[in-house]
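I have placed the structure first, in the form of structure tokens, so that the comments after it can refer back to it.
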Number of protein chains: 2
Amino acid sequence: MTYESEYPPVYVTVDVVLLTVRDDALQVLLVERGAREQRGSLALPGGFVRQEEDLPDAARRELREETGVDVEPAHLEQVATFGAPYRDSRGRVVSVAYLAALPALPVPVAGTDAAAARWEPVSAALDEPLAFDHHAILEAGVDRARSKLEYTALATTFVGPTFTVAELRHVYEVVWGRSLDPGNFHRKVLGSEGFVRRTAEQRSSGRGRPAATYEHGGATLLHPPILRRAAP
Amino acid sequence: MTYESEYPPVYVTVDVVLLTVRDDALQVLLVERGAREQRGSLALPGGFVRQEEDLPDAARRELREETGVDVEPAHLEQVATFGAPYRDSRGRVVSVAYLAALPALPVPVAGTDAAAARWEPVSAALDEPLAFDHHAILEAGVDRARSKLEYTALATTFVGPTFTVAELRHVYEVVWGRSLDPGNFHRKVLGSEGFVRRTAEQRSSGRGRPAATYEHGGATLLHPPILRRAAP
DNA sequence: CTAATAGTGTCTGTCAGACAATATACC
DNA sequence: GGTATATTGTCTGACAGACACTATTAG
């Protein structure tokens with residue numbers, strides 16, 4: 001069937017910047033577009049919002065359909081909306097961008113809408129052409145992630161359910177692109193109320209003294225925050 | 001003419017949270033809806049995005065058409081997008097919310113789309129029913145303004161082209177809802193690089209020593225920021 | 001003069017960062 | 001033991017806030 005409208009139609013899509021930390025790099029999940037428009041080019045996963053579907057639901061569904069990744073229990077937040085008139089050659093398409101973060105565990109599986117899905121370092125993704133204005137969307141998502149590490153517990157969604165302070169520090173170092181003093185970081189994380197909660201186990205990386213493990217302590221906003229300073 | 005589409009139509013609107021400081025209160029510009037939908041109820045100014053119009057352009061245009069206020073030289077930033085499926089009874093309407101700030105100078109003039117436009121204290125506006133989900137949009141806009149005072153020069157858009165430190169402090173006090181130490185605030189503002197630039201004039205409020213006047217110093221991000229602390 | 005506001009100086013507690021010291025594992 | 005990492009301790013500089021003090025106007 002077709003629908004009629006007295007105004008020219010405006011389409012609403014969602015695009016997802018799904019980040020993870022793997023191989024000592026901040027990586028983003030990209031899909032090779034299988035749909036007719038810009039077929040073959042790399043793009044962020046995303047697609048059209050359905051008529052009775054909430055925006056974050058659409059983001060989760062498109063991510064699942066296009067990449068096989070289920071972001072259900074993890075972080076998903078709106079970043080910004082991109083709506084320049086000619087950003088999409090199919091017509092007027094306004095896209096709501098979402099940021100998601102996952103541990104490095106899941107391996108993407110190409111779904112129906114996309115010929116392929118794969119992780120790629122953010123630095124590389126920003127150096128190659130992406131479909132539509134996805135370069136700007138990716139930048140906005142990464143910027144948001146970098147600043148949210150400072151004052152929210154976002155970093156815990158980059159690691160598994162339990163983690164060591166060093167693993168958490170590695171997330172900060174990779175996302176911010178600078179090294180941090182292990183001692184000071186340790187004290188700041190444990191001093192930020194509700195950031196992490198101690199678990200019973202220990203964990204050894206094979207070298208050195210084994211570390212205590214922690215789980216997310218329930219706080220979403222950090223007091224005090226883990227501040228980022230200008231690189232030395 | 002009518003347009004046909006293979007999908008049910010989704011409408012995109014913009015809504016503007018225009019804030020100002022007047023009568024020692026943070027106030028928001030509201031319109032009494034003249035359009036058929038929710039006629040007579042109070043709402044944020046806003047409306048449908050045109051086919052070839054960028055989103056911030058639509059925000060400025062709707063503000064001008066509905067209230068006679070021209071926000072051209074002032075601050076206008078995107079806040080968030082609201083798209084719950086049944087937030088608007090006319091159908092699927094996704095709204096991109098914008099935040100704007102102006103000095104208390106302009107008096108609103110009702111335009112064609114709205115029966116009336118008026119300033120109202122934010123505290124009062126949040127206590128009465130607003131059309132659609134504009135209560136949540138207003139809250140998001142005010143939250144954004146409060147946090148942006150900390151690390152951007154947003155406060156300068158609430159005052160005239162030249163201002164005293166006390167006028168700037170008044171903006172912070174009203175928007176944050178707490179009093180600030182005049183001496184410490186003075187030192188922090190002048191110590192934040194590029195926040196304000198001294199002008200030649202002085203200004204007297206009638207009582208006490210006349211104050212030096214300043215203009216915006218060009219910086220958008222403040223180093224160091226003007227931090228907000230928990231109320232004493 | 002007094003009242004009022006503008007602007008400066010000083011002290012103190014907090015905290016980030018540098019870096020040293022200790023703890024505990026593996027080889 | 002030696003090495004590597006975890007964790008804790010110590011010092012120092014920067015800075016926010018409290019508050020005292022000086023400066024400059026009106027009346």
Side-chain angles (χ1 to χ4, degrees), chain A residues 24 147 149-151 155 159 162-174 176-193 195-215 221-232, chain B residues 24 147 149-151 159 162-174 176-193 195-215 222-232:
Chain A
D24 296 339
S147 58
L149 284 194
E150 293 193 80
Y151 57 96
V159 293
T162 69
F163 48 87
T164 67
V165 174
E167 288 166 2
L168 201 60
R169 174 163 50 85
H170 188 241
V171 170
Y172 277 87
E173 291 181 332
V174 165
W176 284 352
R178 52 166 301 193
S179 59
L180 301 171
D181 181 276
N184 293 335
F185 182 84
H186 191 274
R187 196 172 341 101
K188 281 160 77 169
V189 166
L190 267 59
S192 193
E193 198 180 347
F195 191 4
V196 297
R197 181 175 28 234
R198 182 94 191 239
T199 64
E201 288 81 37
Q202 287 207 333
R203 184 176 304 171
S204 172
S205 64
R207 292 178 303 193
R209 170 176 167 183
T213 61
Y214 298 84
E215 58 190 358
L221 263 59
L222 300 185
H223 300 288
I226 312 293
L227 289 178
R228 156 175 59 159
R229 288 273 168 259
Chain B
D24 296 340
S147 58
L149 285 193
E150 293 193 80
Y151 57 94
V159 293
T162 70
F163 48 87
T164 66
V165 174
E167 288 166 1
L168 202 60
R169 176 165 47 86
H170 187 240
V171 170
Y172 277 86
E173 291 182 331
V174 165
W176 284 351
R178 52 165 301 194
S179 59
L180 300 171
D181 181 278
N184 293 335
F185 182 83
H186 191 276
R187 196 172 342 103
K188 280 160 77 167
V189 167
L190 267 59
S192 193
E193 198 180 346
F195 190 5
V196 297
R197 181 177 24 237
R198 180 94 191 238
T199 65
E201 289 79 38
Q202 286 208 332
R203 184 176 303 171
S204 172
S205 64
R207 293 176 304 192
R209 171 177 167 180
T213 62
Y214 297 85
E215 58 190 357
L222 299 185
H223 300 288
I226 311 293
L227 289 179
R228 157 176 58 159
R229 287 273 169 259

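So you know, we letter chains A, B, ... as the sequences are listed, proteins then strands, and number each from 1.
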Margin query: Rounded to whole Å, please give me the gap between CD in A/Glu167 and C1' in D/dT5.
Written below: 13 Å
Next item on the list: Looking at every strand, decide which applies to A/Arg203 at a 4.0 Å heavy-atom threshold: base, sugar-phosphate, or nothing.
Entry: nothing
Notebook entry, point to check: Rounded to whole angstroms, how far apart are CG on A/Leu190 and P on C/dA16?
Noted result: 14 Å
Margin query: Protein within reach of the bases, or only the backbone? For nucleotides 19-27 of chain C, mark each nucleotide 5' to 3' as B, S or -, using heavy atoms under 4.0 Å.
Written below: B---BBBS-
Check: To the nearest Å, how far apart are B/Leu222 CG and D/dC15 P?
Finding: 14 Å
Checklist line | Options D/dA6, D/dT7, D/dA16, nucleotide nearest the side-chain atoms of A/Ala166 | finding: D/dA6
Next item on the list: To the nearest Å, give me how far apart CZ (B/Phe185) and P (D/dC15) are.
Entry: 17 Å
Margin query: Without decimals, in angstroms, what is the distance between A/Glu173 CD and D/dT5 P?
Written below: 12 Å
Next item on the list: Using a 4.5 Å cut-off on heavy atoms from C-beta on, say whether the side chain of B/Phe195 contacts that of B/Leu168.
Entry: yes
Next item on the list: Rounded to the nearest angstrom, tell me the gap between atom CG in B/Leu168 and atom P in C/dA6.
Entry: 12 Å
Check: Under the 3.5 angstrom rule, does the side chain of A/Tyr172 hit a backbone N or O of A/Ala155 as a donor-acceptor pair?
Finding: no
Note to self: Quick check on D/dA6: is either OP1 or OP2 less than 4.0 Å from any side-chain nitrogen or oxygen of A/Arg169?
What the structure shows: yes
Margin query: At less than 4.0 Å, is any side-chain N or O atom of A/His186 found next to OP1 or OP2 of D/dA6? Yes or no.
Written below: no
Next item on the list: Nearest whole angstrom, please: distance from the P of C/dT14 to the NZ of A/Lys188.
Entry: 18 Å
Notebook entry, point to check: What's the shortest heavy-atom distance between A/Val189 and A/Val196, and which atoms?
Noted result: CG1-CG2, 3.9 Å
Check: Are more than 12 heavy atoms from other residues, nucleotides or ligands located less than 6.0 Å from atom CD of B/Glu193?
Finding: no
Next item on the list: Measure across B/Glu150 and B/Leu222 and return the closest heavy-atom pair with its distance rounded to 0.1 Å.
Entry: O-CD1, 4.1 Å
Notebook entry, point to check: Can any side-chain N or O of A/Thr213 pair as donor or acceptor with the backbone N or O of A/Glu201 at less than 3.5 Å?
Noted result: yes
